[in-house]
Student: 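Please see the structure below; I have some questions.
We number each residue from 1, following the sequence as shown.
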Amino acid sequence: MSIILSSLAEIVDYFPKHFGKLWYIVSPKETTFEFLHEVPDYQQQIWIPFFLLLILEQLILRKKRFRLNDQVTSLSHWMLIETVRIFSRGAEYFVYIAIYERFGRGYTLPWNSLWTWYITFIAVDFCYYWAHRSNHEVHFLWAYHQVHHSSEEFNFAVGLRQSILQHWCNFVIYLPLAFFIPPSHFMVHNQFNLIYQLWIHTTVIGNLGPLELIFNTPKHHRVHHGCNLYCLDKNYGGVFIVWDRLFGTFQEEEQREEIVYGLVVNIESFNAFYLQIFYLKDLIKKSKSMSTWADKFAVYWKGPSWFPGAPRLGLDEFKIKVKPRAVYDPLIPKWQKIYISVQFLMALFNHYKLYKPQYHENLDDPWIIFAVANNLIALASIGLLFDKRAFIYPSTIEIVRCALYVYFMRIYEDNLIDYLIYYIHVCQLNCIWVPFFVYKIYKYIYLFLHSRDVVFYQRS
């Protein structure tokens, strides 16, 4: 009985403690550290509270604006970037730490000062504003940031839809902080700054009154995600909206005009891998179309709407004026939706195990290699199923993937969930894909023999 009460007490303590982190409600004393290895992985700590928030949002909206394909695609992007983040082991902070070790120690702010905590809080958000603004106003940076804007919905899940190159390209903007801010402080606030921005992706929350003057809110961020002409290149702030008001990029939400979400020219796909890279083709194509070398290079560093003779960000009169449009939502059979849901949940459970030190700190473990490969292949086939591509492609991927999973993972079940996932794959293989391909082969042979008999009969 005492064990049960103790577990309940831990749960009751866990949620209020970690829910606050979604809104940057944390204690400076508890989030100040001297050494890097002491800094927790806050992004890992908030996933369960955030997913509960995501479920609550859908309960409020009910069936309105819920699309399985869009939600799963956003979560697939999250799994991709989290896989990279887990195994990079903070490598994106390497240059920051190197600059601090070489140049910053003599001028750095004291690690145990409350002033250092608050200065870092503001400085990180200031740098985020310029990093985010550059992602929209520099074309080759927009080529990866567009992933975040590719959804035609606006909900909490969209906050997870990020590029795998996000941190690796943005870190340069933060490097000046290394001359006076300890890396441990930077790592804390860099995490909280991004965590805060998850909750502002929603249509459920309306006007927050006086808070709208200082903080970035869902009302402000809805404008940022709109592809209406008045929404473009506006409201770049992370935690504070003050930077946009100071630097002339602030825009109020227009009540008379419905906000259209997604890209100006939206891409019709739910393939997470394709959405990560497709824009590079358009970027290179535009560069090749230019007549001079100066213009070919200008395409990369000027704005996405730039053309020769125009200002760096282009001219509004030549931009596409987006109006309310039908969203990309191909109809697929109900059994495929159920199959995709089950498949994604299994990939999610396997992904969650990667957070455990015994897995992500032991890259030589065969389970790690196969589990990550299996998840990536599963996400690819899910995208193909959602897009209604020729069924032979995802079905071929799935029979091979399920067969390999059944063969290789039979010795790695160490708990009930692992056993359940394994035997679901066994059922999928034997009850769906093997019968499907047996039928296909039988049909092919039958048609081949039948057509040969018809030809023979006609000749005779």
Side-chain angles (χ1 to χ4, degrees), residues 21 24-44 81 84-138 140-142 144-145 162-197 214-216 235-249 300-301 312:
K21 292 170 183 173
Y24 224 126
I25 303 173
V26 294
S27 165
K29 183 179 179 180
E30 293 179 0
T31 54
T32 298
F33 307 94
E34 181 178 5
F35 302 108
L36 286 170
H37 69 269
E38 297 175 331
V39 178
D41 186 349
Y42 292 115
Q43 288 172 282
Q44 178 186 342
I81 62 173
V84 173
R85 190 180 71 86
I86 290 169
F87 291 109
S88 69
R89 298 179 179 179
E92 64 269 27
Y93 296 113
F94 175 80
V95 177
Y96 187 100
I97 296 168
I99 292 175
Y100 173 80
E101 294 285 349
R102 179 68 177 84
F103 302 104
R105 285 191 175 276
Y107 310 97
T108 188
L109 296 170
W111 74 268
N112 55 353
S113 169
L114 188 63
W115 281 106
T116 303
W117 194 94
Y118 283 107
I119 289 171
T120 309
F121 169 41
I122 296 170
V124 166
D125 195 61
F126 176 75
C127 289
Y128 175 82
Y129 169 84
W130 289 106
H132 193 188
R133 184 169 177 174
S134 66
N135 288 342
H136 282 258
E137 298 185 1
V138 178
F140 81 88
L141 295 179
W142 171 251
Y144 72 80
H145 184 67
Q162 303 285 350
S163 168
I164 58 175
L165 298 175
Q166 186 81 29
H167 291 295
W168 300 95
C169 293
N170 284 351
F171 81 94
V172 176
I173 306 293
Y174 296 96
L175 292 183
L177 302 184
F179 289 95
F180 64 96
I181 290 177
S184 59
H185 275 267
F186 173 70
M187 288 179 68
V188 166
H189 288 280
N190 186 238
Q191 288 187 78
F192 282 133
N193 188 273
L194 298 175
I195 289 170
Y196 174 91
Q197 295 175 54
I214 301 172
F215 296 102
N216 196 9
N235 297 1
Y236 296 118
V239 175
F240 295 114
I241 201 66
V242 173
W243 312 122
D244 289 283
R245 296 183 187 276
L246 286 174
F247 299 113
T249 53
Y300 289 92
W301 67 268
R312 188 174 64 86

Student: Under 4.5 Å between any side-chain heavy atoms of Phe179 and Thr108, yes or no?
Tutor: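 Not touching, per the 4.5 Å side-chain cut-off.
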Student: Between Asp41 and Arg85, is any pair of side-chain heavy atoms under 4.5 Å apart?
Tutor: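 Yes, close enough: below the 4.5 Å cut-off.
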Student: Are Tyr24 and Phe215 an aromatic pair by the rule of ring centers under 6.0 Å?
Tutor: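 Aromatic pair excluded; centres sit 6.0 Å or further apart.
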Student: Applying side-chain contact (heavy atoms from CB on, under 4.5 Å), run through Cys169 and Leu141 and close with a yes or a no.
Tutor: CA-CA 8 Å; Cys169 293; Leu141 295 179; 4.2 Å; yes
Student: Using a strict cut-off of less than 4.0 Å between a Lys/Arg side-chain nitrogen and an Asp/Glu carboxylate oxygen, indicate whether Arg133 and Asp244 qualify as a salt bridge.
Tutor: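 Salt bridge between Arg133 and Asp244, a charged N being under 4.0 Å from a carboxylate O: no.
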Student: For Pro28 and Thr32, which heavy atoms make the closest approach, and how far apart are they?
Tutor: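 Shortest heavy-atom contact: O-OG1, 2.5 Å.
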Student: Can you measure from CG (Asn190) to CG (Asn170) and round to the nearest 0.5 angstrom?
Tutor: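 It is 9.5 Å, given to the nearest 0.5 Å.
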Student: What distance separates Glu137 CD from His145 NE2, expressed to the nearest 0.5 Å?
Tutor: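 Going from CD on Glu137 over to NE2 on His145, the span is 11.5 Å.
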Student: Would Leu194 and His167 count as a side-chain contact (heavy atoms from CB on, under 4.5 Å) here? Give the steps.
Tutor: CA-CA 11 Å; Leu194 298 175; His167 291 295; 3.0 Å; yes
Student: Find the distance between CD1 (Ile86) and CD1 (Ile81) and round it off to the nearest 0.5 Å.
Tutor: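 Going from the CD1 atom of Ile86 to the CD1 atom of Ile81 covers 10.5 Å.
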Student: Out of curiosity, Met187 CE to Tyr42 OH, how far, rounded to the nearest 0.5 Å?
Tutor: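 Between Met187 CE and Tyr42 OH, I get 10.5 Å after rounding to 0.5 Å.
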Student: I'd like to check Tyr128 versus Ile173 (side-chain heavy atoms, cut-off strictly below 4.5 Å). Are they in contact?
Tutor: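 Heavy-atom side-chain distance check fails, nothing below 4.5 Å.
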Student: Counting C-beta onward and ignoring hydrogens, is there a side-chain heavy-atom pair between Phe171 and Leu175 closer than 4.5 Å?
Tutor: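 The answer is yes, as the side chains (C-beta and beyond) meet within the 4.5 Å cut-off.
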Student: Walk me through whether Tyr129 and Asn216 qualify under side-chain hydrogen bond (donor to acceptor under 3.5 Å, both in side chains).
Tutor: CA-CA 11 Å; Tyr129 169 84; Asn216 196 9; over 6 Å; no
Student: Parallel, tilted or perpendicular: which one describes the rings of Phe186 and Tyr93, with boundaries at 30° and 60°?
Tutor: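 Perpendicular, since the angle between the ring planes exceeds 60°.
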Student: Just wondering, more than 12 heavy atoms not from Phe247 lying within 6.0 Å of its CZ?
Tutor: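 Atom CZ in Phe247 is crowded, with more than 12 foreign heavy atoms closer than 6.0 Å.
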Student: Under 6.0 Å between ring centres: does that hold for Tyr96 and Tyr174?
Tutor: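 No; Tyr174 has its ring centre 6.0 Å or more from that of Tyr96.
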Student: Please tell me if the side chains of Asn235 and Thr249 come closer than 4.5 Å, counting only heavy atoms from C-beta onward.
Tutor: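 A side-chain contact under 4.5 Å is absent here.
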Student: State, with a plain yes or no, whether a side-chain heavy atom of Val239 is found less than 4.5 Å away from one of Gln197.
Tutor: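 A side-chain contact under 4.5 Å is absent here.
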Student: Would you say that Tyr196 contacts Gln191 through its side chain, given a criterion of any heavy-atom pair below 4.5 Å between the two side chains?
Tutor: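 A side-chain contact under 4.5 Å is absent here.
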Student: Hey, do the aromatic rings of His185 and Trp117 have their centres closer than 6.0 Å?
Tutor: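 His185 vs Trp117: aromatic centres not under 6.0 Å.
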Student: How far does OG1 of Thr31 sit from NZ of Lys21, to the nearest 0.5 angstrom?
Tutor: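 Nearest 0.5 Å value for the OG1-NZ distance: 9.0 Å.
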Student: Could you tell me if the ring centre of Phe126 sits under 6.0 Å from that of Trp243?
Tutor: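 Yes, the ring of Phe126 comes within the 6.0 Å limit of the ring of Trp243, centre to centre.
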Student: For the atom pair CD1 (Ile99) and CZ (Phe94), what is the distance rounded to the nearest 0.5 Å?
Tutor: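 CZ of Phe94 is found 10.5 Å from CD1 of Ile99.
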Student: Test your reading of the model: is there a side-chain donor-acceptor pair from Ser113 to the backbone of Pro110, 3.5 Å cut-off?
Tutor: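 No; judged by distance alone, with no hydrogens or angles, the pair does not exist.
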Student: Take Glu34 and Asn112 through the test side-chain contact (heavy atoms from CB on, under 4.5 Å) and record every step on the way to the result.
Tutor: CA-CA 7 Å; Glu34 181 178 5; Asn112 55 353; over 6 Å; no
Student: For Pro183 and Ile97, work out which heavy atoms get closest and say how close.
Tutor: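 Reported closest heavy-atom pair: CB-CG1, 4.0 Å.
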Student: Under a 3.5 Å cutoff, is there a donor and acceptor pairing between the side chains of Asn135 and Tyr236?
Tutor: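 There is no such pair (donor and acceptor under 3.5 Å, judged by atom type) between the side chains of Asn135 and Tyr236.
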Student: Kindly indicate whether the side chain of Ser184, heavy atoms from C-beta on, has any atom under 4.5 Å from the side chain of Phe35.
Tutor: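 SC-SC contact between Ser184 and Phe35 ruled out.
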